[in-house]
Amino acid sequence: MDKRLIKQLIQQNISEDGIVETGIKGVKLFRVTEPIRCAPAVYEPSIVAIVSGAKEAILDGKQHVYDSSQYMCCAISMPVEAGSPAASLDNPLLGVYIALDTRVMTELVIEIESSGLDIRKPKGGRIPQGVTLADWDDPFNEALLRLIQISNSPAEAALLGDGRLRELYYTVLKGAAGESVSRAFGVGNEIARSIAYLSSRLDQKVSIEEVASQVGMSRAVFHRKFKQATTMSPVQFVKCMRLNSAAIKIAAGMTVNQAAMEVGYVSSTQFSREFRRLYGLPPKQWGRFEQSGTGLM
């Protein structure tokens with residue numbers, strides 16, 4: 001089935017730069033026609049499918065660029081730098097953002113595993129990366145088209161939206177991102193649960209031993225598996241999450257001191273020093289520079 005149909009539907013629904021709701025919970029369309037340099041962001045569990053242009057995400061210093069040949073699947077919350085530096089009027093960025101519903105995903109993974117259907121699973125105990133670029137195959141293309149087709153009708157979106165969304169989730173589980181998603185939402189999702197625990201306590205002091213104990217692992221095993229899943233150590237991950245979250249708040253207009261306190265920093269001096277080391281600018285100067293951004297995911 002032709003991707004051009006999906007692109008046409010998106011173009012019909014969004015004519016200006018920004019993000020629009022579709023009427024289906026967690027599904028949004030977006031359009032960008034001006035270059036946006038990579039800036040701090042926090043990817044929540046989601047799928048991003050591009051039909052025109054390309055997006056860029058930098059995770060722990062590694063650049064990931066994806067376009068209409070691959071969709072991005074983020075199975076766990078991750079601190080990244082994201083942007084669309086190549087977007088232009090001649091080559092706009094057009095795509096779909098789909099949040100992964102934790103309850104629905106967990107139910108679906110368990111049901112599929114119980115039924116004996118084949119899902120790509122980790123081999124040899126290896127934990128897949130939290131951010132996966134998966135080939136845009138025919139089942140995904142068909143499921144995405146069926147989902148977008150009902151977005152123009154509030155009645156159809158209300159009646160059919162949950163089922164079409166579940167169908168799309170299923171194609172992701174059966175595709176190249178399947179092992180990453182099944183590990184995050186199914187049995188053995190200790191790292192995903194630990195990230196949810198840490199992410200909800202960014203303003204608190206949490207020890208690695210405490211988090212490891214929460215998921216029934218020794219500190220050494222937890223550290224190893226956490227780094228396999230995120231490419232970062234738990235301490236590095238928490239620091240990046242705190243600084244990225246603070247950067248987003250500052251770009252939205254919050255004062256530097258308030259943003260620092262809301263993500264757990266007691267010392268504004270330490271916060272400014274670590275912020276500058278990561279982003280190359282002091283937080284006040286960075287905030288003035290970034291406040292002209294669009295706020296797109």
A side-chain contact here means heavy atoms from C-beta on lying under 4.5 Å apart; do [X] and [Y] qualify?
| X | Y | answer |
| --- | --- | --- |
| F185 | P45 | yes |
| M217 | E190 | yes |
| C240 | M232 | yes |
| V80 | V42 | no |
| R164 | L168 | no |
| Q270 | S272 | no |
| T230 | M78 | yes |
| Y169 | V109 | no |

With sequence neighbours excluded, residues passing side chain to side chain contact (heavy atoms under 4.5 Å, CB included) with [X]:
| X | result |
| --- | --- |
| A57 | Y43 |
| N13 | L29, S151, N152 |
| A212 | F222 |

Can you give me the closest heavy-atom contact between [X] and [Y], atom names plus distance?
| X | Y | answer |
| --- | --- | --- |
| C74 | M72 | N-SD, 3.5 Å |
| L147 | L165 | CD1-N, 3.8 Å |
| P40 | I248 | O-CG1, 3.8 Å |
| L59 | P79 | CD1-O, 3.6 Å |
| A259 | I250 | CB-CG1, 3.7 Å |
| I191 | A229 | CG2-CB, 3.8 Å |

Between [X] and [Y], is there a shared hydrophobic cluster once you connect ILVMFWY residues whose side-chain heavy atoms come closer than 4.5 Å?
| X | Y | answer |
| --- | --- | --- |
| I24 | V20 | yes |
| L145 | W136 | yes |
| V215 | I76 | yes |
| L243 | M261 | no |

Return the set of residues passing side chain to side chain donor-acceptor pair (under 3.5 Å) with [X] (not counting sequence neighbours), or none when no residue passes.
| X | result |
| --- | --- |
| Q12 | none |
| D203 | none |
| R277 | none |
| S77 | E44 |

S69 and D67: CA distance, side-chain angles, deciding distance, side chain to side chain donor-acceptor pair (under 3.5 Å) verdict = CA-CA 5 Å; S69 64; D67 53 22; 2.7 Å; yes
With distance as the sole test, does [X] use its side chain to make a donor-acceptor pair with the main-chain N or O of [Y] at under 3.5 Å?
| X | Y | result |
| --- | --- | --- |
| R242 | V263 | yes |
| D135 | Q70 | no |
| T22 | V27 | yes |
| K55 | V65 | no |
| S200 | Y197 | yes |
| N189 | A192 | no |

Enter the distance from [X]:[atom1] to [Y]:[atom2] here, rounded to the nearest 0.5 Å.
| X | Y | atom1 | atom2 | result |
| --- | --- | --- | --- | --- |
| I148 | L9 | CD1 | CG | 7.5 Å |
| I150 | L159 | CD1 | CG | 9.0 Å |
| I110 | S182 | CD1 | OG | 11.5 Å |
| Q11 | I6 | CD | CD1 | 12.0 Å |
| L144 | L5 | CG | CG | 11.5 Å |
| Q204 | L198 | CD | CG | 10.5 Å |

ask   = Got a sec, which pairs hit salt bridge (Lys or Arg N to Asp or Glu O under 4.0 Å) with one end in residues 204-219, sequence neighbours left out?
value = E209-R219
request  = Quick one: which residue pairs count as a ring-ring contact (aromatic ring centres under 6.0 Å, His included) with a foot in residues 229-285, not counting sequence neighbours?
outcome  = F226-F237, Y265-F271, F271-F275, F275-Y279, F275-W286, Y279-W286
Sequence neighbours excluded - ring-ring contact (aromatic ring centres under 6.0 Å, His included) pairs with any residue from residues 44-93 =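 Every ring-ring contact (aromatic ring centres under 6.0 Å, His included) pair that includes a residue of residues 44-93, provided the two are not neighbours, is Y71-F140.
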task = Kindly check if the number of other-residue, nucleotide or ligand heavy atoms within 6.0 Å of CG (D162) is above 12?
result = no
message = Looking at E16, I want to see if its CD is surrounded by more than 12 non-hydrogen atoms of other residues, nucleotides or ligands under 6.0 Å.
response = no
request  = Among N91, L93, V32, find the residue that satisfies the side-chain contact (heavy atoms from CB on, under 4.5 Å) test when tested with S52.
outcome  =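 Looking at N91, L93, V32, the match for S52 under the side-chain contact (heavy atoms from CB on, under 4.5 Å) is N91.
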ask   = Given the rule in the side-chain contact (heavy atoms from CB on, under 4.5 Å) test, do R166 and L108 qualify, once you have shown the distances and angles that lead to the verdict?
value = CA-CA 8 Å; R166 184 181 171 91; L108 186 58; 3.7 Å; yes
inquiry  = Tell me every residue that passes salt bridge (charged side-chain N to carboxylate O under 4.0 Å, His left out) with K239, counting only those two or more places apart in sequence or in another chain.
reply    = E274
ask   = What residues, two or more places apart in sequence or in another chain, satisfy salt bridge (charged side-chain N to carboxylate O under 4.0 Å, His left out) together with E34?
value =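 Expected list: none.
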request  = Decide yes or no on side-chain contact (heavy atoms from CB on, under 4.5 Å) for V51 and K3, but give the supporting numbers first.
outcome  = CA-CA 7 Å; V51 296; K3 291 179 192 175; 5.6 Å; no
key: Worked verdict on D101 versus T106 for side-chain contact (heavy atoms from CB on, under 4.5 Å)   = CA-CA 8 Å; D101 184 289; T106 300; over 6 Å; no
request  = Begin from the C-alpha positions of V221 and R224 and carry the test side-chain contact (heavy atoms from CB on, under 4.5 Å) through to its verdict.
outcome  = CA-CA 5 Å; V221 171; R224 174 172 55 81; 4.0 Å; yes
query = Can you list the steps and then say if R103 with E107 is a salt bridge (Lys or Arg N to Asp or Glu O under 4.0 Å)?
reply = CA-CA 6 Å; R103 179 186 62 80; E107 290 175 353; 3.3 Å; yes
